[in-house]
Protein chains: 2
Amino acid sequence: MRKQEVTIYDVAREAKVSMATVSRVVNGNSNVRKETRERVEEVIKRLNYQPNAVAQGLASKKTTTVGLIVPELTNLYFAELSKGIDDIALLYKYNIIISSIENRLMKEDQVIQSLLNKQVDGVIYMSNRLPKEVVDAFQRTNTPVVLAGTKDSREELPSVTIDYKKADTEALNLMFNDGKKNLGIVVGDEDAIVNSDNRILAYKKFLKDHNLTEEHIYTNVHDYSDGYNLYSQLVKDGVDGVIVTRDSSAVGILNSAMDAGKKIPEDLEIVTASATQIASVVRPALTTIKQPLYDMGAVAMRMLTKLMDGEEVDDTHIELPYELVKKQSTLNQ
Amino acid sequence: MRKQEVTIYDVAREAKVSMATVSRVVNGNSNVRKETRERVEEVIKRLNYQPNAVAQGLASKKTTTVGLIVPELTNLYFAELSKGIDDIALLYKYNIIISSIENRLMKEDQVIQSLLNKQVDGVIYMSNRLPKEVVDAFQRTNTPVVLAGTKDSREELPSVTIDYKKADTEALNLMFNDGKKNLGIVVGDEDAIVNSDNRILAYKKFLKDHNLTEEHIYTNVHDYSDGYNLYSQLVKDGVDGVIVTRDSSAVGILNSAMDAGKKIPEDLEIVTASATQIASVVRPALTTIKQPLYDMGAVAMRMLTKLMDGEEVDDTHIELPYELVKKQSTLNQ
DNA sequence: TTGAAAGCGCTAACAA
DNA sequence: TTGTTAGCGCTTTCAA
């Protein structure tokens with residue numbers, strides 16, 4: 001960071017006004033006479049003055065920067081959420097500092113602390129791993145936080161999600177109506193609230209409501225190869241219909257089945273719960289619970305702007321509509 | 001950004017030293033007596049003092065923040081590059097401000113200006129759209145820049161790439177040896193240097209060297225549906241082997257062919273030039289020019305840290321090795 | 001080894 | 001409508 005070439009002071013001198021007036025012009029304060037404003041603007045343009053955002057941040061205590069905490073960079077689920085966030089951030093002129101927490105050099109609360117040290121005005125948190133320390137860390141600060149695509153166990157933090165229970169129940173019902181009676185569920189982190197308190201509960205309730213007794217819950221299935229390897233276990237367990245939270249795991253299961261010469265959906269129905277691009281390009285295409293990821297990100301960011309502006313937000317737990325999109329991995333009878 | 005609760009001043013008072021000494025302790029300056037250091041550290045811990053990075057940035061003129069400019073958030077190619085960048089950034093304690101330029105609210109040079117106003121210490125630029133204004137904007141500043149996975153036309157800016165000409169030639173050769181004599185190339189932005197000055201040149205040279213006269217260059221094919229729609233044109237043109245720069249376009253072509261009942265690779269060979277996850281999960285799996293995306297990002301970020309530290313960098317145009325991975329979309333005879 | 005003090009570039013009372 | 005002035009919280013000479 002070189003010595004700044006032209007500062008507000010240079011503009012003030014050149015335009016024969018005080019720094020305060022230049023500051024007012026820069027910030028669009030209306031208390032400036034038209035002619036003065038124009039003169040200052042002319043000088044700003046002539047000198048190509050660019051305000052130093054760091055100095056602005058220090059003086060005003062607002063950095064117009066928000067922190068984004070994401071589990072992995074290379075997961076389209078989070079990328080699509082991020083895109084919605086990014087578009088709204090741009091609209092409201094916020095920059096985004098992105099922090100992934102897959103690298104175990106830094107734990108969640110350290111990442112948050114680092115963001116807070118940078119004086120971000122707000123944070124959007126997308127991991128469904130939400131340990132108590134993290135919730136505490138957020139609650140200790142006055143910096144607003146919004147959860148996107150996840151929630152905390154006591155629903156204390158603002159969040160934007162879909163109705164996971166309802167969505168999963170609908171998906172299970174689809175497979176049940178196709179005649180599949182040995183249903184399973186495949187999730188990533190088992191301790192994630194979205195899983196433990198929503199998806200898995202819904203699954204158990206579904207079994208109970210339909211007098212199905214065989215419970216098949218598979219946890220810690222995170223990626224393509226986890227899914228690929230899981231398939232043989234599904235066969236062993238006689239599972240004939242499965243709901244999978246992660247697209248790449250679902251595709252792993254699919255390919256493993258195909259490679260084993262099995263028929264999808266006849267031998268095994270698959271419903272995936274994310275609907276990123278990867279779920280739609282494989283053949284047979286996967287039936288999905290289509291979460292409105294872009295919108296979820298956008299709504300979360302919009303809520304955050306309100307929180308950062310100190311506005312009242314009436315509903316801090318927003319559930320967006322999802323869609324069950326029937327493709328080729330279910331019979332859809 | 002609330003009023004900061006505990007500042008360097010509080011620590012100084014409590015530890016009965018000056019702010020300067022606290023600053024030295026915080027920054028690991030060795031000119032502090034051991035006992036003094038320990039006393040200060042104790043107070044820091046007790047008060048839970050966290051330095052304000054914005055104030056540090058203003059005073060020291062270093063923000064330990066780098067800007068990342070990426071064409072799209074939802075493209076695994078850039079996500080994998082970003083992951084390499086992120087890991088090295090974390091190692092060197094830099095934060096990342098990410099800016100996508102897909103949203104046309106802001107042009108490239110405005111995005112760059114916004115980053116410079118935030119006083120980033122360096123920038124990594126990943127778009128292969130590199131208009132003259134952008135190169136100029138970079139050269140006007142003293143802020144170091146590294147291009148990752150792309151280069152500027154006059155190769156003035158530091159970059160990390162692979163040897164695109166060599167890679168494409170090798171891919172074309174593979175198809176040629178499989179008996180395909182009506183080869184085509186499918187690219188995204190035709191004016192991207194990587195395409196115009198590298199891939200397309202290599203393609204033309206290959207045709208010439210092998211006395212092939214029919215030139216099939218398809219430009220502006222950006223995504224899955226562009227690829228899907230292009231397929232009928234390929235058929236019309238009698239193309240029997242094609243090299244595609246983007247994975248999603250390649251998968252579009254593949255699926256379009258499959259849906260039309262064609263055989264891949266018998267009717268059409270496909271080689272894709274990125275090798276993201278999407279290319280490996282489709283069936284038949286795509287033969288790819290496997291770019292070491294993670295490494296490219298990591299090397300680019302490492303180079304940037306050197307540049308930011310004012311170190312001499314001997315080689316500012318690094319080409320990393322790629323690998324031609326033969327899968328099911330080529331005959332491989 | 002330590003401290004005093006000037007300043008980084010800006011904002012925001014407050015006064016005029 | 002404009003200017004004066006005191007910070008924002010820290011780093012960094014310079015002197016002791």
Side-chain angles (χ1 to χ4, degrees), chain A residues 1-41 43-44 47-65 114 116-121 142, chain B residues 1-41 43-44 47-65 114 116-121 142:
Chain A
M1 189 159 145
R2 69 236 160 266
K3 174 99 180 165
Q4 187 153 332
E5 53 298 335
V6 27
T7 71
I8 199 172
Y9 185 77
D10 300 318
V11 177
R13 185 170 19 76
E14 196 78 3
K16 295 185 173 41
V17 293
S18 70
M19 290 162 56
T21 299
V22 179
S23 176
R24 288 189 189 99
V25 171
V26 167
N27 294 298
N29 184 315
S30 58
N31 287 335
V32 183
R33 196 153 47 99
K34 185 151 171 286
E35 304 148 45
T36 314
R37 171 181 306 283
E38 284 166 354
R39 185 151 38 92
V40 172
E41 278 167 348
V43 174
I44 287 178
L47 301 187
N48 188 29
Y49 166 67
Q50 300 286 348
N52 180 324
V54 173
Q56 289 179 313
L58 184 60
S60 68
K61 306 193 140 306
K62 299 178 93 288
T63 55
T64 59
T65 304
S114 151
L116 293 178
N117 292 161
K118 291 264 164 152
Q119 313 299 124
V120 295
D121 297 335
N142 300 312
Chain B
M1 191 157 145
R2 71 236 158 264
K3 176 96 178 169
Q4 187 154 330
E5 52 299 335
V6 28
T7 71
I8 198 172
Y9 185 77
D10 300 317
V11 177
R13 187 170 18 78
E14 197 76 4
K16 295 187 173 40
V17 293
S18 69
M19 290 163 55
T21 300
V22 179
S23 175
R24 289 188 188 100
V25 172
V26 167
N27 294 299
N29 185 314
S30 58
N31 287 335
V32 183
R33 196 155 46 99
K34 184 152 171 284
E35 303 149 46
T36 313
R37 171 182 305 284
E38 284 167 355
R39 186 152 38 92
V40 171
E41 277 167 349
V43 174
I44 286 178
L47 301 187
N48 190 28
Y49 165 67
Q50 301 284 348
N52 180 324
V54 173
Q56 288 179 314
L58 184 59
S60 69
K61 305 192 139 309
K62 299 178 90 288
T63 56
T64 58
T65 304
S114 150
L116 293 179
N117 292 349
K118 290 264 164 149
Q119 313 299 127
V120 295
D121 297 334
N142 300 313

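The basis for the numbers below is simple: all heavy atoms, side chains too, and nothing from hydrogens, waters or symmetry mates. All chains are named by letter (A, B, ...) in the order of the sequence lines, taking the proteins before the strands, and each is independently numbered beginning at 1.
- Here the nucleotide nearest the side chain of Y49(B), chosen from dC10(D), dG3(C), dC10(C), is dC10(D).
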From CA spacing to verdict: salt bridge (charged side-chain N to carboxylate O under 4.0 Å, His left out), E38(B), K34(B) | CA-CA 6 Å; E38(B) 284 167 355; K34(B) 184 152 171 284; 3.4 Å; yes
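- Between K61(A) and dG9(D) there is a side-chain N or O to OP1 or OP2 distance below 4.0 Å.
- The A20(B) side chain lies nearest to dA4(C) when the options are dT1(C), dT11(D), dA4(C).
- Across the protein-nucleic acid pair, D10(A) atom CG and dG9(C) atom P stand 9 Å apart, rounded to whole Å.
- The side chain of T36(B) approaches dT2(C) more closely than any other nucleotide in the set dT2(C), dC10(D), dC10(C).
- With dC8(D), dT2(C), dT11(D) as the candidates, the nucleotide lying closest to the side chain of A59(A) is dC8(D).
- For R33(A), the listed nucleotide lying nearest its side chain is dT2(D); candidates were dT2(C), dT2(D), dC10(D).
- Separating the CZ atom of R13(B) from the C1' atom of dG3(C) is a distance of 17 Å, rounded to the nearest angstrom.
- We find that CD of Q56(B) is positioned 5 Å from P of dT11(D), with the value rounded to whole Å.
- Within 4.0 Å (heavy atoms only), V17(A) reaches sugar-phosphate atoms of the nucleic acid but no base atom.
- Contact between the side-chain N/O atoms of S18(A) and the OP1/OP2 oxygens of dT2(D) is not found at any separation under 4.0 Å.
- S23(B) comes within contact range of at least one nucleobase, with a heavy-atom separation under 4.0 Å.
- Atom CD in Q119(A) sits about 16 Å away from atom C1' in dC10(C), given to the nearest Å.
- Regarding contacts with the backbone of dT11(C), a side-chain N or O of N27(A) is found under 4.0 angstrom from either OP1 or OP2.
- In the model, K118(B) has no side-chain atom that pairs as donor or acceptor with a side-chain atom of T63(A) under 3.5 Å.
- Comparing atom distances between the S60(B) side chain and each of dC10(D), dC8(D), dT12(D) picks out dT12(D) as nearest.
- If you take CG of N52(B) and P of dC8(D), they are 11 Å apart, rounded to a whole angstrom.
- In this structure, CZ in R24(B) is found 10.5 Å from CZ in R37(B), a value given to the nearest 0.5 Å.
- Atom CD of E5(A) is separated from atom C1' of dG9(C) by 12 Å (rounded to the nearest Å).
- Ranked by how close their nearest DNA chain D nucleotide is to the 5' end, A55(B) and R24(B) are led by A55(B).
- As a whole-Å value, the separation of R37(B) CZ from dT2(C) C1' is 13 Å.
- The CG-P distance, from N29(A) to dA12(C), rounds to 10 Å in whole Å.
- Interatomic distance, OG1 of T36(A) versus CD of E41(A), reported as 10.5 Å (0.5 Å rounding).
- The backbone N or O of Q56(B) sits less than 3.5 Å from a side-chain atom of S60(B), completing a donor-acceptor pair.
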